[in-house]
Amino acid sequence: SLVERLREQIGQVPGSDIEDLRRRIEELEQENKELKRDSPSVVIGEKRRDFRFDSGSPVIKQEFSNALRNRIPDGKGGFYEPPFPQIADEIIKRQERINTLEIIGHTDGVPLSTSGNLDQRLPELLARVPGGTKTLSAGSNNDLGLLRALALEQEWLDYVESYMPVENREVLRRIRIRCYSAGQTILPIRLDDPKPADFRKNDPRARRIEMRLTRLAKVTSDEE
């Protein structure tokens with residue numbers, strides 16, 4: 001958005017300043033390319049048995065929680081690398097360039113048979129009221145994707161405070177966390193001509209959570 005605003009300003013400034021604006025645009029575009037290339041996206045999916053929610057549930061069980069933090073034998077003499085240490089290492093290495101951790105919950109297309117209460121009960125969870133997750137129920141796949149993203153956020157915050165060395169905690173605490181739900185809207189594989197049935201499938205690959213590091217610009221109001 002900043003690049004677009006600068007482009008609009010080019011026609012309104014004296015000739016001597018145009019080259020400075022153009023150079024700044026080139027610098028910003030290069031920064032964007034580097035961020036896209038360097039910032040990792042970690043997908044946590046049911047391909048690994050450890051990373052499984054119960055059907056329709058956002059609860060992360062102990063096996064799931066352990067696999068987020070610790071190396072787990074892969075059954076072939078090696079180990080699965082846990083996602084949380086990878087994300088923490090990337091943040092620490094790129095702390096001057098990254099300010100946001102986005103967590104996106106994805107679901108399959110099987111409709112939920114429960115009624116939800118997020119509109120009534122979600123504020124307790126967002127305000128960090130103890131036990132805020134226990135009274136929540138999802139009424140749609142969009143609800144479920146958001147609740148699973150929020151559950152992973154809680155696991156991440158616990159990891160930062162309980163597992164990370166003290167000298168790294170302040171760096172990780174500065175990272176803003178944004179949780180989203182993609183529900184069933186983004187298929188796990190690319191289809192050039194998707195049909196409605198493709199978004200209704202009971203596909204284990206669709207049930208996943210994405211952790212993505214990025215740099216978001218400061219958001220200001222119109223008045224500011």
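What you are looking at is a predicted structure, and each value in this text was computed from that prediction instead of being measured.
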Practice problem: Identify, with sequence neighbours excluded, every residue that meets side chain to side chain donor-acceptor pair (under 3.5 Å) alongside D89. | Solution: none
Quiz item: Given the rule that I, L, V, M, F, W and Y join up when any side-chain heavy atoms are under 4.5 Å apart, are V171 and M211 in one cluster?
Solution: yes
Tabulate below the donor-acceptor pairs under 3.5 Å that side-chain atoms of residues 75-85 make, not counting sequence neighbours, or state none.
| unit_1 | atom_1 | unit_2 | atom_2 | d |
| --- | --- | --- | --- | --- |
| E81 | OE2 | R71 | NE | 3.2 |
| E81 | OE2 | R71 | NH2 | 3.4 |

Quiz item: Are side-chain heavy atoms of I91 and N168 found at a separation under 4.5 Å?
Solution: no
Quiz prompt | Donor-acceptor pair, side chain of R200 and main chain of D198, under 3.5 angstrom | solution = no
Quiz item: When rounded to the nearest 0.5 angstrom, what is the spacing between CD1 in I72 and CZ in R48?
Solution: 6.5 Å
Practice problem: Can you tell me which residue pairs pass the side-chain hydrogen bond (donor to acceptor under 3.5 Å, both in side chains) test with a partner in residues 187-196, sequence neighbours excluded? | Solution: D193-K195
Quiz item: Just wondering, do T185 and N141 contact through their side chains at under 4.5 Å, heavy atoms?
Solution: no
Quiz item: If we ignore angles and hydrogens, is there a donor and acceptor under 3.5 Å between the side chains of E210 and S41?
Solution: yes
Exercise. With the side chain counted from C-beta on, respond yes when I103 and R178 share a heavy-atom pair under 4.5 Å apart, and no when they do not.
Key: no
Quiz prompt | Modelled atom types, side-chain donor and acceptor of D158 and Q154, under 3.5 Å | solution = no
Exercise. Please report the shortest heavy-atom distance between A149 and G105, naming the atom on each side.
Key: CB-N, 3.9 Å
Self-check item: Non-neighbouring partners of F53 that pass ring pair (Phe, Tyr, Trp, His ring centres under 6.0 Å), sequence neighbours left out
Solution: F64
Practice problem: For side-chain contact (heavy atoms from CB on, under 4.5 Å), just list the numbers for I209 and V42, CA-CA rounded to whole Å, side-chain angles, deciding distance to a tenth of an Å, and then say yes or no. | Solution: CA-CA 8 Å; I209 295 179; V42 175; over 6 Å; no
Quiz item: For the side chain of T114 and the backbone of A138, is there at least one donor-acceptor N/O pair under 3.5 Å apart?
Solution: yes
Practice problem: Kindly state each residue pair satisfying ring-ring contact (aromatic ring centres under 6.0 Å, His included) with at least one member in residues 86-124, sequence neighbours excluded. | Solution: none
Exercise. Taking the side chain as every heavy atom from C-beta outward, state whether D203 and L187 have any pair of such atoms under 4.5 Å apart.
Key: no
Practice problem: Considering non-hydrogen atoms only, spot the tightest contact between A151 and P58 and give its length. | Solution: CB-O, 3.3 Å
Quiz item: Shortest non-hydrogen contact from R212 to I104?
Solution: NH2-CD1, 3.7 Å
Quiz item: Would you say the side chain of R52 lies within less than 4.5 Å of the side chain of D50, judging by non-hydrogen atoms?
Solution: no
Quiz item: Within the side chain of S57, is there an N or O that forms a donor-acceptor pair under 3.5 Å with the backbone of V59?
Solution: yes
Quiz item: Is R207 salt-bridged to E46, going by a charged N under 4.0 Å from an acidic O?
Solution: yes
Quiz item: Of all residues at least two apart in sequence or in a different chain, which pass the side chain to side chain contact (heavy atoms under 4.5 Å, CB included) check with N117?
Solution: Q120, R121, L136, S137
Self-check item: L118 side, atom CG; L150 side, atom CG - distance, nearest 0.5 Å
Solution: 8.5 Å
Practice problem: Kindly indicate, with the supporting measurements, whether the criterion side-chain contact (heavy atoms from CB on, under 4.5 Å) is fulfilled by K201 and D108. | Solution: CA-CA 6 Å; K201 288 182 178 178; D108 61 24; over 6 Å; no
Quiz item: R174 versus N99: any side-chain heavy-atom pair under 4.5 Å?
Solution: no
Quiz item: Under the side chain to side chain contact (heavy atoms under 4.5 Å, CB included) test, which residues partner K93, sequence neighbours left out?
Solution: E90
Practice problem: Can you run down the salt bridge (charged side-chain N to carboxylate O under 4.0 Å, His left out) pairs that involve residues 58-67, sequence neighbours left out, and say none if there aren't any? | Solution: R49-E63, D54-K61
Exercise. Assess whether atom CZ of R173 is packed by more than 12 heavy atoms of other residues, nucleotides or ligands within 6.0 Å.
Key: yes
Practice problem: Name all pairs fulfilling the ring-ring contact (aromatic ring centres under 6.0 Å, His included) condition that reach into residues 162-209, sequence neighbours left out, sorted by first residue then second. | Solution: Y159-Y163
Quiz item: Is any side-chain heavy atom of L101 less than 4.5 Å from a side-chain heavy atom of T214?
Solution: no
Quiz item: Residues sharing L144's hydrophobic cluster, by side-chain heavy-atom contacts under 4.5 Å among ILVMFWY, directly or via others?
Solution: L112
Exercise. Using a 4.5 Å cut-off on heavy atoms from C-beta on, say whether the side chain of I98 contacts that of I175.
Key: yes
Quiz item: D119: what forms a side chain to side chain contact (heavy atoms under 4.5 Å, CB included) with it, not counting sequence neighbours?
Solution: none
Self-check item: Residue list, side chain to side chain contact (heavy atoms under 4.5 Å, CB included) with S140, at least two apart or on another chain
Solution: N142, D143
Quiz prompt | Distance, nearest 0.5 Å, that separates OG of S65 from CZ of F51 | solution = 10.0 Å
Quiz item: Would you say the side-chain atoms of Q184 and T107 include a donor-acceptor pair closer than 3.5 Å?
Solution: no
Quiz prompt | Pairwise distance CZ(R148) to CZ(R208) - rounded to 0.5 angstrom | solution = 12.0 Å
